[in-house]
Every structure is written in C-alpha cells, then in structure tokens.
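Input: a single structure, listed below in structure tokens.
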Protein chains: 2
Amino acid sequence: MTSIKDVAAQAGVSVATVSRVLNSHPSVSPDARTRVLAAVDALGYRPNAVARSLRTDQTRTLGLVISDVLNPYFTELARFVEEEARALGYSVIIGNADERPELQDHHVRTLLDRRIDGLLVSPADGDSPLMAEVSRGGTPMVFVDRWMPGVDVPVVRADGRHAIRDLVAHLHALGHRRLAIIAGPAATTTGNERVEAFREALRAYELDLPEVYIGQGDFQADSGRRVTERFLALPEPPEVVFAADNLMALGALDAIRAAGLRVPRDMGLAAFDDIPWFVHTDPPITAIAQPTGELGRAAVRALVDMVEGRSPQSVTLPARLVVRRSCGEPASDQRSNL
Amino acid sequence: MTSIKDVAAQAGVSVATVSRVLNSHPSVSPDARTRVLAAVDALGYRPNAVARSLRTDQTRTLGLVISDVLNPYFTELARFVEEEARALGYSVIIGNADERPELQDHHVRTLLDRRIDGLLVSPADGDSPLMAEVSRGGTPMVFVDRWMPGVDVPVVRADGRHAIRDLVAHLHALGHRRLAIIAGPAATTTGNERVEAFREALRAYELDLPEVYIGQGDFQADSGRRVTERFLALPEPPEVVFAADNLMALGALDAIRAAGLRVPRDMGLAAFDDIPWFVHTDPPITAIAQPTGELGRAAVRALVDMVEGRSPQSVTLPARLVVRRSCGEPASDQRSNL
DNA sequence: CTGAAAGCGCTTACAG
DNA sequence: CTGAAAGCGCTTACAG
C-alpha cells in the first residue's frame, strides 16, 4: 500500500505538508498543495484510516447494536441510521444481537475495542450490566426503540400508547371483547409498555386482560406460533390477538392457518410494526406503524451531538394505527389504509 | 482509556511481556502470566484494536457490500455471513449500496480505507471499474450472488436454471402459454441469467418470450409495479408474470390489486427468492428458493481462505422451486409447499 | 509556510 | 524468559 511517505517523496515535500493538504489545513502554499494533490492523484493514494484513528483518537464510526436484523422493522431502522450517519460524515458498523444478550454484549465489546465514536443500542432481552458500565465509562451512547431503566442515556423511541388506544377502540367498535396479546420479553421496555398500554386501553372499556390472554413471546416468529396455539386451545379463546411485533404476527398467522382456521372469521389479528407485506397478506393486517425513518435519523443526530460535544436530545415520536381487514370489516367512519 | 502501559505498570513487567501474555506467546513465565492476567482483570483492560491493526497490518474484519439491505434475501445473506465470519474469528462491516453503483463504490473505498482484510461483494447494476482495480490491487475479494464478468475472483452463487425449468413446466402443466418476466437490471448477472434461463425453458415448450413480455425492472418494488401496469395494459396481457426478485413481486402484487384484479384468477405470479411471508400472501406465492445460509457460509469460507493464503473455491448451489397457489391450483402430482 | 520530531497503542525481532 | 527499542502510518505542537 502506498503511504503518506510515498506521496511526500513524489511531491518533494515532507509528510507534514502532505498531511496538511489532506486535512485542508490553511497554511500550505498553493504550489505545495498543487504538487501534493498531483502526487496523490498519480499514486492513487488513500490515507490509512487505521493510522489516522490511532493518532486522532476518533474513528468517525458509530456502532449500532440491534436486537434482530431479520426483523424488517430493525432492518429499516438500520438503513436509515446508516443514511443519516453517512450524511454527517460517519460510517456505521452494525452488530446483530439476535435477541441474545451475550451476543449483544459480544458486539458491544468488539465495537468498543474498535474505538467507535459512539454507540446506538436497542437492548435485547435480559439485563446487561455492560450497558451501564459503557455509559459510565464515557462512551457516547443513545438508546433507540428500546431502552434500559437505570441507564442514563438519551432515548429515541416511538410511543405506541395512543395508537394502541385507537386499536382497542377499533376492536371494541367491531364488537370484540375477548382481546389477547402476544407480549415481547418482559425485560425489554417495548415488551412491557405495549402490554401496559393495551391493558390500560382495555380498562377504558371496562374490559379485563386476564393472565391467560397474555402470551409470553420473545419477538420471534416461533414464539408467536406457540402462544397462539395455546390461545386456540383455551376453553374460551380470544376473539382477537394483538402481536407486539411483526414476526410474532407471522407466527400467529402460521398457527391459525395450521389449525385450519381463518382470519378474521375465526380469530382477529393485529400487529405492532407495519411492513409492506401486510397489505398483501390474507387478509391485509391491521397494524401500528412506527415512524422508522424519523426514529433512525433522530437517534443518529442525538448520538452525533454527544460525540461532538453538544447536548443530545431524547425524542419520543407517536406511532399510528393503520386499519386493514384482519380484525373484521372496519366500521365505515374509520379511514381504511389498504 | 487504560492502555497496555497501565497494565505493565500494575503487573510490574514490561509492555512486551503484557503483549506476549495477551497473544498467548509461549515464552512467558507462569508467574508473569498470572500477574499480567490479574492486572488486566483489575483494570478491565481491553486491547486497542486500532493500534493492533496498525501494527499487524490486519484488522480481522471483512467487508460486505450488498446491493440492498431492505431486500429480505440480502438481509438473510448478511446475517449468515456475519455468523460464519464470527465463527472464524472475523467481524464484518456491511455496506448497503441501495442498488446504486456510486454508493457501492463509496462503501468499497471506505472499507478499503479501514483496511478490511477481505471484501465480499454482490455488485450493483452499472459497471464499476473499481472492482477490477481492487481485485488487481491484491485485496482478497469474493463475489456472492452476483458477479462481474472480467473480474477474476471466486464466485459463490445459486444456479436457478433448473428451478426455472421446473417453474415453466409447472406453468405449462397449468395451461399457461403467455408468460412474462420482470427482469433485473441487465448489467447484473442475476438480472441476465434469470431472463436467459426463462427464455430457454420456454423454448423447450416451443414458447416464445416476445420483447413486450420482458419488463425491465431494477430489483426494487416500484419497478415491479410499473412493469406490471404496462403488462396489464397490453392488448394481450400475459397469463403469468415471473418476477426476478421478491421486491418486484411485491410491486407486481400492488399493481394487480390496484387494477382491481386478482391473483391467480386474472394473472398468475411467481417470484425468484422465497421469503416467509409468501406463505401468507393472498394467494400464497410460488417461488424459487435459494440456499441462502449455505451461500453466505461458502462465501465467507472462500474469502477467509484467500485472506489466510489458502486457495479459495468458487461454489454454485442449486435453487429450488416451491409451488404454492399463485399461478393456479397445482396439478396433483406436484408436491405443494404451503 | 515548512519540516523534524514526538507520539497514538500496540507487536516483535534482537540481545541478553 | 524478559525488556529496550523500532516501527506500523498518521497528525500536530514546536521552532524556524
């Protein structure tokens, strides 16, 4: 590989001058600049980012640790994060935790070893003392989507409370009373919050959320399948199942179909997180859509603010209900989004 | 950050000894080893990967540049790539090209600047002189899924020819004769190959693939939509449309629905790439499934072989047809995969 | 405006 | 088995 020395030799200047030209330092003579640029061009020289990072103690790289890349919601989030980071002059390295805390910690450590400038995390299930440690250690860090109580870092997330209220109103208007939820892991904030918001919304209609109607899932399709099978075996199965993410909704659909039943005739289904395929499933699925793009962008901005010494801002954005046909025909006064 | 010096001081040895312990060099006394390990533990020391890379000239990092992370096929591929790389002791940095050659080149350059040990690429549409340059420059490189003619690096990919033949046999058996394809970009190998294999398979039944039945897409949903609209407007629209990837199939579905028509009654639909949602779409979609996991693993192994000085192997794996209901009811002698 | 020199945090021949 | 020293490729005070 050609190094700064080669460029210096070719241009007939010192490496210091080459460095200055490359970093647009003002005190370089036009003549030196021209010669350096010509040499860079002739040699196809590209600065070694590793050496630069060692020297400057910054990598211009952000780490993003997400719970599950295969979940379209997180894939999309990752995409927007990378886009915004690139716009601000940063690269991003993604670590996929697969909803496993040890794998999450592995990635966090690897990222820290590489001296990323900041860390964006959507914590997986299970507690991780590492997070608090990292934050205390002074690494700029921001939680996105999910957060961990007790770890004092900015949080960028969507609030589904209102949308869940709208969902319950929609279900109630359709005459449904026995409503169940496939919850995410209790240790994740989104897991908890969605159950609590659901319970609260039911209460407004004087409906109960009995224990048997709370299925413990882990945000993966398989758990949605298992929980739904259990719901179906109940003496009095729920009329509608609300899956706390799109993968568990997929599992629920699998289970309902495997039982020879149909949505919404035999059981209604709704999901948190909206994805393009929900328009084309049989039937189209009523879902709660998160403003994924804005979340990703806001998270990066908060993190870069920290990295660059400005004060970061926590952001909460509203999610919104998209009514389709998976819970029964929408009442005529509700706007449909097919 | 605590450095190797701090550990040396705490353990009462030189930094050289610390380094030896950390790298399991044999010539270290048990006593020194114990003291170093204790110091490492006490200080929570983690070696600076940036410094190590600069010194050893290896980063234990692989770059993966894919055409579109939002495409579930590539998301899955990326996941398996990371998994296998991790098993072999490497990290991977993903660059998302969004099917844009300039963005692809941007990522390749950034990755090279970071001195990744090897590069895995699924080239986007449009030619990129950079690729040939990189390969000639001596950076270990492997193409996965797609490849570029004229760039002499190992290729790990699926061969869809046989599965496409099966698909055409299936369509023919169902009585369909007017078959159309939504092709990928002509400059991508997968774009071309799928059209050619389709044309060839049709020929075996003495069927033609007229120009108007070849829609030019770009592997994105929007193009599938546009092409399908054009097909529908034809005096004699095709009976079945075969989309060369799953996103264009999504677009096709959008267009068919928007026209108030139904699959397969009004138009059949099949797709290259299989995804979990295809089981639940209306109707379930007949698709050609790639062995994504094996592709990802084989690609990483080939690349790591190059990186570590062994001779790498190109691999071609067969894709297979999964018959569902989107082209009409399957004949009874064909195994159905709902 | 310019260059010589120090130093970022490591690893590794070299000498003992 | 151990340490002092060189050096990876940069950047940046410092002196001129």
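Chain letters run A, B, ... following the sequence lines, proteins first and then strands; every chain starts at 1.
- Between the CG atom of A/Asn48 and the C1' atom of C/dC8 there is a distance of 13 Å, given to the nearest Å.
- Summarising the geometry, the separation between CG on B/Asp57 and P on C/dT11 is reported as 14 Å, rounded to the nearest angstrom.
- A/Leu70 is not listed as a side-chain neighbour of A/Thr75, based on a closest heavy-atom distance of 4.5 Å or more.
- Annotation: side chain of A/Leu22 is in contact with side chain of A/Val18 (closest heavy-atom distance under 4.5 Å).
- Put simply, CG on B/Asp113 is 13 Å from C1' on D/dG9, counting in whole angstrom units.
- Across B/Glu82 and B/Val92, no two heavy atoms sit closer than the pair CA-CG1, 3.5 Å.
- The distance from the CG atom of A/Leu247 to the CG atom of A/Asp68 is 6.0 Å, given to the nearest 0.5 Å.
- For B/Tyr45 and C/dC10, the shortest distance from a side-chain N or O to OP1 or OP2 is below 4.0 Å.
- Between the CD atom of A/Gln58 and the P atom of D/dG9 there is a distance of 21 Å, rounded to whole Å.
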Do any N or O atoms of the protein come closer than 3.5 Å to N or O atoms of nucleotides 13-16 of chain C, and which pairs are they?
residue : atom : partner : partner atom : Å
C/dA13  : N6   : B/Arg20 : NH2          : 3.1

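- Distance from the side chain of A/Ser29 is smallest for C/dC1 among the nucleotides C/dG3, D/dT2, C/dC1.
- A/Asn23 has its CG atom 6 Å from the P atom of D/dT12, to the nearest Å.
- Along DNA chain D, the nucleotide closest to B/Ser27 and the one closest to B/Val15 are compared, and the more 5′ of them pairs with B/Ser27.
- The nearest whole Å value for the distance from the NZ atom in B/Lys5 to the P atom in D/dA4 is 13 Å.
- The B/Arg52 side chain lies nearest to C/dC10 when the options are C/dC10, D/dT2, D/dC10.
- Remark: A/Thr17 is in phosphate contact with C/dG3, judged by side-chain N or O atoms under 4.0 Å from OP1 or OP2.
- Scanning DNA chain C for stems, defined as runs of 3 or more consecutive Watson-Crick or G-U wobble pairs whose donor-acceptor distances all fall under 3.5 Å, gives the following ranges: C:1-3 with D:14-16, C:5-12 with D:5-12, C:14-16 with D:1-3.
- Not counting sequence neighbours, the partners of B/Ser91 by the side chain to side chain donor-acceptor pair (under 3.5 Å) test are A/Arg114.
- Within the 4.0 angstrom heavy-atom criterion, only backbone atoms of the sugar-phosphate kind lie near B/Thr56; the bases stay farther away.
- No more than 12 heavy atoms of other residues, nucleotides or ligands shown are found within 6.0 angstrom of CG on B/Asp152.
- With D/dC8, C/dG3, D/dG9 as the choices, the nucleotide that has an atom nearest any side-chain atom of A/Ser14 turns out to be C/dG3.
- For A/Leu54, the listed nucleotide lying nearest its side chain is C/dG9; candidates were D/dT2, C/dT11, C/dG9.
- Between the CG atom of A/Leu22 and the P atom of D/dG9 there is a distance of 15 Å, given to the nearest Å.
- The minimum heavy-atom distance linking B/Val15 with B/Lys5 is given by the pair CG1-CA, 3.9 Å.
- Heavy atoms from other residues, nucleotides or ligands lying under 6.0 Å from CD of A/Glu308 number more than 12.
- Separating the P atom of D/dA13 from that of D/dG9 is a span of 23 Å, rounded to the nearest Å.
- When each of A/Asp31 and B/Val50 is assigned the nucleotide of DNA chain C bearing its nearest heavy atom, the one mapping closer to the 5' terminus is A/Asp31.
- With rounding to whole Å, B/Arg55 atom CZ is found 8 Å from C/dC10 atom C1'.
- Out of C/dT11, C/dT2, D/dG3, the shortest distance to the side chain of B/Ile4 is found at C/dT11.
- Taking only side-chain nitrogens and oxygens, A/Ser3 never comes nearer than 4.0 Å to OP1 or OP2 of D/dG9.
- The environment of CD in A/Gln313 is sparse: at most 12 heavy-atom neighbours from other residues, nucleotides or ligands sit within 6.0 Å.
- Nucleotides D/dT12 and D/dG16 place their C1' atoms 16 Å apart, quoted to the nearest Å.
- Cation-pi geometry between B/Arg157 and B/Phe143 is not satisfied (NZ or CZ under 6.0 Å from the ring centre, within 45° of the ring normal).
- Distance OG1/A/Thr59 to CZ/A/Arg115: 10.0 Å, rounded to 0.5 Å.
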